[in-house]
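Chain letters run A, B, ... following the sequence lines, proteins first, then strands; residues in each count from 1.
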Number of protein chains: 2
Amino acid sequence: MLGTPSRNRQTERREATRREIVDAAWEVARDEGLAQVTLRAVAERVGMRAPSLYSHFASKHAIYDAMFADAWTECGRAGREAEAKHPPQSLRDAMHLYAATFFDFCVVDLARFQLMNQRTIPGFEPSPESYAPAVAVLDELRDRLATFGVTRLEDIDLYTAIVGGLIDAQLANDPGGDRWRRLLDHAIDMYVDSLNH
Amino acid sequence: MLGTPSRNRQTERREATRREIVDAAWEVARDEGLAQVTLRAVAERVGMRAPSLYSHFASKHAIYDAMFADAWTECGRAGREAEAKHPPQSLRDAMHLYAATFFDFCVVDLARFQLMNQRTIPGFEPSPESYAPAVAVLDELRDRLATFGVTRLEDIDLYTAIVGGLIDAQLANDPGGDRWRRLLDHAIDMYVDSLNH
DNA sequence: GCATCCTCCTAATCATGTTAGGCACTCCTA
DNA sequence: TAGGAGTGCCTAACATGATTAGGAGGATGC
């Protein structure tokens, strides 16, 4: 029967093991790159053999899926932390804050960024459930910008595309540097100016 | 000895076979996606067995390498064709022209775009020789924009980052559609305005 | 005509994701 | 408290992909 203490203990353990596996996958990704995230490598870190992971995940992509959800959940948290620390007082403030926070969040961990951009992993498509945190982040952003009067979908699309473009350029052309990071503030100012006609 | 007719005939045949292989790889990429570009699949299209490809390329990545060079060479050609057809009369013209040309060039073939963005293929790094056409395209762009007075490196960096961001967003969020394509002209106008202070 | 080289082949190896099947331990219940 | 169900891990094996080893056959050059 569901809801009994032992049942809870069991699902708790099960959940803990899943977390352990996903955390191990994150370690491998950060230490050796996303390409090195192999079932054997992950299993070894948790003291298992590769096939045993199938007791917890239906496939390797299911692990990616959990990582994808992790990344966007963390991203949302980073955004909320940033706005708690420096509550934006104007649209310009807000646009700088969210752009810079997202930029730094992405650039600090290439593997995580690659995961968040599902396109970079051939054949991987996040499940609707795992996609939810990503949608939530975007919804939150829309909500915040709406309080400053920006509600048009295209305005937000262009905003995110610009920030994404700078992140991409940074990682592709100057990883570890800050060449495009230095352009970010200028780009945002330009964009906010254009919104004010 | 080098330079004899027979030697030329030999290297010609050799070159032709290399081309055939790379073309076959392009076919597979376009028809079935980059992930399906396997040595067996490529070899089958040229009537060979997979190991035989090693007589012409040192590795699968070497084939990617040739494709990478192809893509950027074509990209440069597309740019020159576009400017021949509609010679830009102003900075604004030019920025619209190159952005739209590049955007359309990328969006029309996802596999090609993934190749041009080497980051999307785990472990693949283009060789300096294959990188040359990519550098040439950027040099050409710099040269053209310079004739309209834009010479600051950061200005061109931001320009390419914005265009790249829109392409990325288009392919990631609305493949086959034109949602971000419609934002492109507006983005470029905004950017040119910002250059004119 | 004979030696050489070049291209392609088959067979085999290695890495990876995945499936099959079995053993042991836990936990519930009679 | 003994047995039975279910769970979680294991080993063995398989499929597919890149790659290497080694050899056969034909074109090329003397």
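- In this structure, the nucleotide among C/dT18, C/dC27, D/dG17 sitting nearest to the side chain of B/Arg40 is D/dG17.
- The residue B/Ser52 sits close to a base: some heavy atom pair falls under 4.0 Å.
- The aromatic ring centroids of B/Tyr159 and B/Tyr98 lie 6.0 Å or more from each other.
- Between the side chains of A/His86 and A/Asp93, no donor-acceptor pair of N or O atoms lies under 3.5 Å.
- Atom-to-atom, CZ of B/Phe57 to P of D/dA18 comes out at 14 Å; the value is rounded to the nearest Å.
- Between the CD atom of A/Glu32 and the C1' atom of C/dA15 there is a distance of 15 Å, given to the nearest Å.
- Regarding A/Lys60, its NZ atom lies at a distance of 17 Å from the C1' atom of C/dT19, rounded to whole Å.
- Contact annotation for A/Ser55: base contact, defined as any heavy-atom pair under 4.0 Å involving a base atom.
- Taking atom CZ on A/Arg13 and atom C1' on C/dC25, their separation rounds to 11 Å, with Å as the unit.
- Distance CE (A/Met48) to P (D/dT11): 13 Å, rounded to an integer number of Å.
- Phosphate contact (OP1/OP2 of C/dC6, side-chain N/O of B/Arg14, threshold under 4.0 Å): absent.
- When each of A/Gln36 and A/Ala58 is assigned the nucleotide of DNA chain C bearing its nearest heavy atom, the one mapping closer to the 5' terminus is A/Gln36.
- Note on A/Arg49: a side-chain N or O is less than 4.0 Å away from OP1 or OP2 of D/dT11.
- Contact annotation: the side chain of A/His56 never approaches that of A/Glu20 to less than 4.5 Å [non-hydrogen atoms, C-beta and beyond].
- Atom CG in A/Leu53 sits about 16 Å away from atom C1' in D/dT7, given to the nearest Å.
- Rounding to whole angstrom units, OH of residue A/Tyr54 and P of D/dA13 are separated by 19 Å.
- By the 4.5 Å heavy-atom criterion applied to side chains, B/Arg179 and B/Asn173 are not counted as neighbours.
- Rounded to whole Å, atom C1' of C/dC8 lies 16 Å from atom CD of B/Glu44.
- Taking the six-membered ring where the residue is Trp, A/Trp72 and A/Phe102 present parallel rings, their angle staying beneath 30° rather than reaching 60°.
- Where A/His56 and A/Pro51 each meet DNA chain D at their nearest nucleotide, the meeting point lying more 5' is that of A/His56.
- Among C/dG17, D/dT19, D/dC10, the nucleotide with an atom closest to any side-chain atom of B/Ser59 is D/dT19.
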